[in-house]
Number of protein chains: 2
Amino acid sequence: MTAQRKAVLDVLHRWHDHPTADEVFLRVRKLLPKVSLATVYRNLDVLAEQDEIQVIEFPGQPRRYDAVTRPHYHIVCVECGRVEDIHLDRVPDLGALVQRTGAYEVLATRLEFEGRCSRCRAR
Amino acid sequence: MTAQRKAVLDVLHRWHDHPTADEVFLRVRKLLPKVSLATVYRNLDVLAEQDEIQVIEFPGQPRRYDAVTRPHYHIVCVECGRVEDIHLDRVPDLGALVQRTGAYEVLATRLEFEGRCSRCRAR
DNA sequence: AATGCTACCAGGAACTACTCCCAATAAATG
DNA sequence: CATTTATTGGGAGTAGTTCCTGGTAGCATT
């Protein structure tokens, strides 16, 4: 656990606004001004591999990162791009359903939402 | 409806293997050898806007296109990248559930699957 | 038929979000 | 303390897509 890796993790523990790699980079650079973007990307990959952080991928948007690893869902605002958490209980196991219907071994189910956040709706 | 736009649509009506823009381009070029990639992209956008085709977006992968617009789901093979259709009945309206829990106006629900196709599993 | 208008075109440059490479440095191990 | 191993910063490269420029096609109005 190098200073760089720790700084990346700290940033994600401190802020829960689902920053992009670039945003993490800008925040880490305040602590370690010489850090490189490649290092941030590398450490985000390593931390995700170790399940210390979660990767949030919305198509056509930069990846976002989240230090909260317990399962929950995300919604992205189509206007401002903000990503927020959604907590849902008792979501049926749709992956199992798919597994039964076909020839696929189902490895993951991706469930995400798009909408307009209250702030953008107010405008 | 120019010849180029018609050719793009024809390609998607003829093949249902969820081609990428690049694959559409290669197929259109057999009919219209001078067509440009930008034109294919533009017409895919226009056709999607008009709901004549559907866009399939898996994060980190090129977009794929589908002339079948009635709602169905997709699964991508993590090994070969092939995208296949999944037909599911009676999927609960998770978007409505989310709408009730929070401040968001839910505009779309994205439900996709990842797995290993039978062909890759056989190897 | 000439003019203006709009939509569309090809080709290439530009852009974004990564990803890869490499020499230099730091950490871990014996 | 020496050496192996992991990690670093910086810069170049990449894939997929978008943007820009100048030009053309089709159509309505004169």
Side-chain angles (χ1 to χ4, degrees), chain A residues 1-12 17-50 52-66 74 76 78 80-83 110 112, chain B residues 1-12 17-50 52-66 74 76 78-83 112:
Chain A
M1 177 71 67
T2 61
Q4 288 88 340
R5 187 165 305 163
K6 188 171 179 317
V8 167
L9 191 53
D10 284 354
V11 161
L12 289 175
D17 59 344
H18 315 97
T20 62
D22 210 66
E23 287 163 352
V24 172
F25 171 61
L26 292 175
R27 291 171 196 181
V28 167
R29 218 167 42 169
K30 294 196 177 153
L31 307 166
L32 300 168
K34 295 205 59 177
V35 80
S36 93
L37 180 59
T39 297
V40 170
Y41 270 106
R42 262 188 311 245
N43 282 315
L44 288 169
D45 287 349
V46 170
L47 291 167
E49 186 76 23
Q50 297 170 352
E52 303 233 40
I53 63 171
Q54 195 187 348
V55 183
I56 304 165
E57 297 192 279
F58 278 94
Q61 287 204 44
R63 296 211 270 274
R64 294 170 173 277
Y65 299 88
D66 190 346
H74 293 106
V76 63
V78 293
C80 66
R82 179 195 316 278
V83 170
R110 182 185 311 282
E112 297 157 344
Chain B
M1 178 69 69
T2 61
Q4 289 89 339
R5 186 166 304 164
K6 187 169 181 319
V8 167
L9 190 54
D10 283 353
V11 161
L12 288 174
D17 58 346
H18 314 98
T20 62
D22 210 67
E23 288 163 352
V24 172
F25 171 60
L26 292 175
R27 291 171 195 180
V28 168
R29 219 168 41 170
K30 294 196 178 152
L31 307 166
L32 300 168
K34 295 207 60 179
V35 79
S36 94
L37 180 58
T39 297
V40 169
Y41 270 106
R42 254 180 285 121
N43 282 314
L44 288 168
D45 287 350
V46 170
L47 291 167
E49 188 75 23
Q50 298 170 349
E52 302 235 38
I53 63 172
Q54 195 186 349
V55 183
I56 305 165
E57 296 192 280
F58 279 94
Q61 286 203 45
R63 295 212 270 274
R64 294 169 172 278
Y65 299 88
D66 191 346
H74 293 107
V76 63
V78 293
E79 285 186 27
C80 67
R82 178 195 318 277
V83 170
E112 297 158 343

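Every chain is numbered from 1 and lettered A, B, ... according to where its sequence line falls, protein lines coming before strand lines.
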For this session: Residues of residues 38-47 of chain A with any non-hydrogen atom less than 4.0 angstrom from an atom of DNA chain C: list those, numerically ordered, please.
Result: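 Output list: A:Ala38, A:Tyr41, A:Arg42.
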
How many Å lie between [atom1] on [X] and [atom2] on [N], as a whole number?
X: B:Arg5; N: D:dA25; atom1: CZ; atom2: C1'; answer: 14 Å
X: B:Met1; N: D:dG26; atom1: CE; atom2: P; answer: 16 Å
X: A:Lys34; N: D:dG11; atom1: NZ; atom2: P; answer: 11 Å
X: B:Gln4; N: D:dG23; atom1: CD; atom2: P; answer: 19 Å
X: B:Phe25; N: C:dC9; atom1: CZ; atom2: C1'; answer: 13 Å
X: A:Glu49; N: C:dT19; atom1: CD; atom2: P; answer: 13 Å
X: B:Leu32; N: C:dC8; atom1: CG; atom2: P; answer: 16 Å
X: B:Lys6; N: C:dC8; atom1: NZ; atom2: C1'; answer: 18 Å

For this session: Under 4.0 Å between any heavy atoms, over every strand shown, what does B:Leu37 touch: base, sugar-phosphate, or nothing? Just pick one.
Result: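 The residue B:Leu37 makes base contact.
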
Exercise. Looking at A:Thr2, does any N or O in its side chain come under 4.0 Å of the phosphate oxygens OP1/OP2 on D:dT8?
Worked result: yes

Test item: [X] and [Y] side chains (from C-beta on) under 4.5 Å apart, heavy atoms:
X: B:Val8; Y: B:Gln4; value: no
X: A:Glu23; Y: A:Pro62; value: no
X: A:Leu37; Y: A:Asp22; value: yes
X: B:Lys6; Y: B:Met1; value: yes

Exercise. When B:Leu12 is tested against each of B:Val28, B:Leu44, B:Asp66 for side-chain contact (heavy atoms from CB on, under 4.5 Å), which residue passes?
Worked result: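 Passing option: B:Leu44.
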
Exercise. What nucleotide among C:dC9, D:dG9, C:dC18 has an atom nearest to a side-chain atom of A:Arg63?
Worked result: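 Of all the options, the side chain of A:Arg63 is nearest to C:dC18.
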
Exercise. Between the side chain of A:Arg64 and the main-chain N/O of A:Ile56, is any donor-acceptor distance below 3.5 Å?
Worked result: no

Problem set entry | side chain to side chain donor-acceptor pair (under 3.5 Å) partner of A:Arg5, the single match among A:Thr39, A:Asp10, A:Asn43 | A:Asn43

